[in-house]
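Note sheet for the following structure.
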Amino acid sequence: MVRRIVELKRDRNAVILAHNYQRPEVQDVADFTGDSLELSRLAASAKQDVIVFCGVRFMAETAAILCPEKRVLLPVLEAGCALADTATAMQVWRMRQLHPLAVVVAYVNTSAAVKAESDLCCTSGNAVEVVRSVEPGHPVIFVSDRNLGQYAARMTGRHVILWEGSCPTHAAVSAADIRRAKSKHPEAQVIAHPECRPEVLDLADHVAGTAGMLAYAAEQPPGTAVLVATDLGVIHRLRKENPDKAFFPATDYLVCPTMKLTTLEDVLRSLETMEPGITVEEAVRVNARRALDRMMAVRETSG
Ligand code: SF4
């Protein structure tokens with residue numbers, strides 16, 4: 001099956017991008033693995049005509065926003081994001097009416113329509129810098145992840161109006177889970193995704209999105225043990241890139257169900273049929289692109 005995927009990829013002039021949370025075998029067949037922003041940037045600069053986005057819908061939409069001339073395929077159309085589903089464009093518009101001085105920052109884990117209704121976007125890696133970049137005196141409406149918004153507020157001291165949304169996978173981790181894992185691996189450092197609850201972040205040695213976690217792990221000396229509080233899919237890449245270090249999941253249930261929907265069979269079928277394609281209506285695309293471009297203009301941090 002892998003051979004057939006590789007042949008078809010060449011025939012279709014396609015590139016396969018896989019998020020760090022994808023199944024290991026899907027990560028291994030991909031040309032590039034990364035977080036949603038890294039993959040969108042790769043999509044935008046790709047020479048190929050077709051992008052097979054192994055991730056969830058908002059990521060494929062972001063690729064379609066950044067490169068409308070390419071055909072973007074999402075192998076499993078039902079692969080959505082429970083966090084992105086907590087916000088609609090109409091809700092964001094209403095919130096803006098309630099806080100007319102506020103600047104709306106949309107986490108990339110939102111639909112294209114929500115991005116279009118926002119002033120600028122952010123990722124888990126640059127949320128702190130993006131919130132800090134907002135002109136003082138303006139509150140920030142932070143859509144969609146409450147925990148990430150709260151983390152950015154703590155780090156910047158800015159007035160952040162939080163959205164009532166969270167990632168069910170990350171928000172399920174408790175401080176007790178971390179303490180339990182620490183008792184099994186007392187020497188291990190803890191790295192946690194900022195979508196985790198504040199009491200979990202308080203126990204972490206390092207807080208970062210997946211790209212920041214990979215960079216942090218690479219800097220640690222050989223023999224380092226690390227407990228990872230994000231989707232287990234990242235551990236595949238951490239182990240591959242750092243064979244001289246040990247990585248353990250903070251809990252066994254840190255698994256995003258929709259990120260695991262995509263199989264090799266789905267990737268193959270998508271390349272055979274060139275479906276399902278993801279497109280974004282032009283008026284929405286242009287406004288969403290503006291919010292993404294404003295984010296890109298803000299200097300990124302590794303955290
Ligand atoms: S891990 Fe959470 S935020 Fe990421 S795709 Fe899954 S549900 Fe959405």
Side-chain angles (χ1 to χ4, degrees), residues 17-24 26-27 30 33-40 43 53-64 72 74-88 105-115 118 121-127 142-152 162-174 177 191-198 200-201 204 207-214 228-238 249-263 266 278 295:
L17 307 179
H19 191 269
N20 291 321
Y21 294 167
Q22 290 287 294
R23 292 166 183 262
V26 172
Q27 293 191 35
T33 308
D35 67 8
S36 55
L37 183 68
E38 284 173 319
L39 295 180
S40 295
F53 212 118
C54 302
V56 294
R57 191 183 178 95
F58 77 80
M59 297 174 183
E61 279 189 350
T62 304
V72 179
L74 180 67
V76 178
L77 197 54
E78 299 75 31
C81 167
L83 172 60
D85 289 346
T86 64
T88 66
V105 173
Y107 188 25
V108 284
N109 298 34
T110 50
S111 67
V114 165
K115 290 183 180 76
S118 305
C121 293
C122 76
T123 68
S124 54
N126 66 14
F142 193 93
V143 192
S144 56
D145 190 76
R146 183 184 174 83
N147 291 335
L148 179 60
Q150 204 165 347
Y151 176 69
L162 301 171
W163 198 261
E164 281 307 322
S166 59
C167 162
T169 301
H170 288 92
V173 185
S174 67
D177 290 326
I191 53 177
H193 194 284
E195 287 173 15
C196 293
R197 292 192 239 158
V200 170
L201 301 184
V207 176
T210 53
M213 285 183 179
L214 286 153
V228 184
T230 192
D231 183 282
L232 301 185
V234 172
I235 292 186
H236 178 65
R237 194 166 157 201
L238 283 165
T251 79
D252 287 337
Y253 54 78
L254 256 165
V255 177
C256 172
T258 51
M259 278 285 188
K260 304 297 178 291
L261 285 177
T262 308
T263 62
D266 296 316
I278 299 294
M295 170 186 77

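Nothing fancy with the numbering, it's 1 onward along the sequence. Computed from a predicted structure; not experimentally measured. In each ligand, atom 1 is the first atom listed, and ligand 1 is the first ligand listed.
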Value rounded to 0.5 Å, distance of CD in Glu61 from CZ in Phe53: 11.5 Å
Thr33 and Arg237 have their tightest heavy-atom pair at O-NH1, 3.0 Å
Apply side chain to side chain contact (heavy atoms under 4.5 Å, CB included) to Ala250 and list each qualifying residue two or more places apart in sequence or on a separate chain. Ile178, Ala229, Leu254
Between Ser36 and Val108 the two heavy atoms that sit nearest each other are OG-CG2, 3.6 Å
Minimum heavy-atom separation for Leu232 to Pro249, with atom names? CD2-CB, 3.2 Å
Take atom 8 (Fe) of ligand 1 as the centre and count protein N, O or S atoms at distances under 2.8 Å. 1
Just jot down the ligand 1 atoms closer than 4.0 angstrom to any heavy atom of Glu195, in number order. 3 (S)
If I take atom SG from residue Cys121 and atom OH from residue Tyr107, how far apart are they, to the nearest 0.5 angstrom? 12.0 Å
